[in-house]
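Report on the structure given below.
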Amino acid sequence: MKIGLLPGPIVRLAFVAVVAVIVLLVVRSRFVPETFGDLGHYRAASLEVNAAQEPRYGGLALCAECHVDA
């Protein structure tokens, strides 16, 4: 084996690894939201989405956990 030459299986394995990393980066850029990580390990835009939702009544048992007097 000469210095600088790698066996064929090693070259193919390196090629597959490089392609896998490229595919991973493309998929990640496509599916991870832009605001992910701005304010922690979650999507920062979700704060506005959740704040805009109307509160729903969860039932007497659920409310009684925090609101004992009413």
Side-chain angles (χ1 to χ4, degrees):
M1 179 173 171
K2 296 180 181 179
I3 296 178
L5 296 178
L6 296 173
I10 301 296
V11 172
R12 285 190 294 272
L13 181 62
F15 177 75
V16 168
V18 168
V19 169
V21 168
I22 291 172
V23 167
L24 175 72
L25 292 174
V26 168
V27 168
R28 185 180 187 281
S29 69
R30 173 75 174 118
F31 289 106
V32 173
E34 288 188 25
T35 59
F36 180 78
D38 288 350
L39 300 175
H41 194 72
Y42 58 90
R43 185 173 56 94
S46 68
L47 295 175
E48 291 85 22
V49 171
N50 289 334
Q53 291 180 351
E54 287 290 323
R56 294 182 299 214
Y57 178 66
L60 184 60
L62 185 63
C63 294
E65 290 178 12
C66 299
H67 306 280
V68 256
D69 58 343

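Keep in mind that what you see is a predicted model, and the values were worked out from it rather than measured. One is the number of the first residue; the rest follow in order along the sequence.
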**Fill in**
The side chain to side chain contact (heavy atoms under 4.5 Å, CB included) partners of A14 (sequence neighbours excluded) come to none
**Message:** With rounding to the nearest 0.5 angstrom, report the CG to NE2 distance, L60 to H67.
**Reply:** 11.5 Å
**Heavy atoms of other groups near F15 CZ, more than 12 under 6.0 Å** = no
**Asked** Applying the 4.5 Å side-chain criterion to the ILVMFWY set and letting contacts propagate, would V19 and V11 be lumped into a single cluster?
**Response** no
**Fill in**
Grouping ILVMFWY residues whenever side-chain heavy atoms fall under 4.5 Å, the cluster of V32 otherwise contains F36
**Euclidean distance, L25 CG relative to R30 CZ, rounded to 0.5 Å** = 15.5 Å
**Prompt:** Counting heavy atoms not belonging to E34, are there more than 12 under 6.0 Å from its CD?
**Reply:** no
**Complete:** Note: with side-chain heavy atoms under 4.5 Å as the link, the other cluster members for L39 come out as Y42, L47
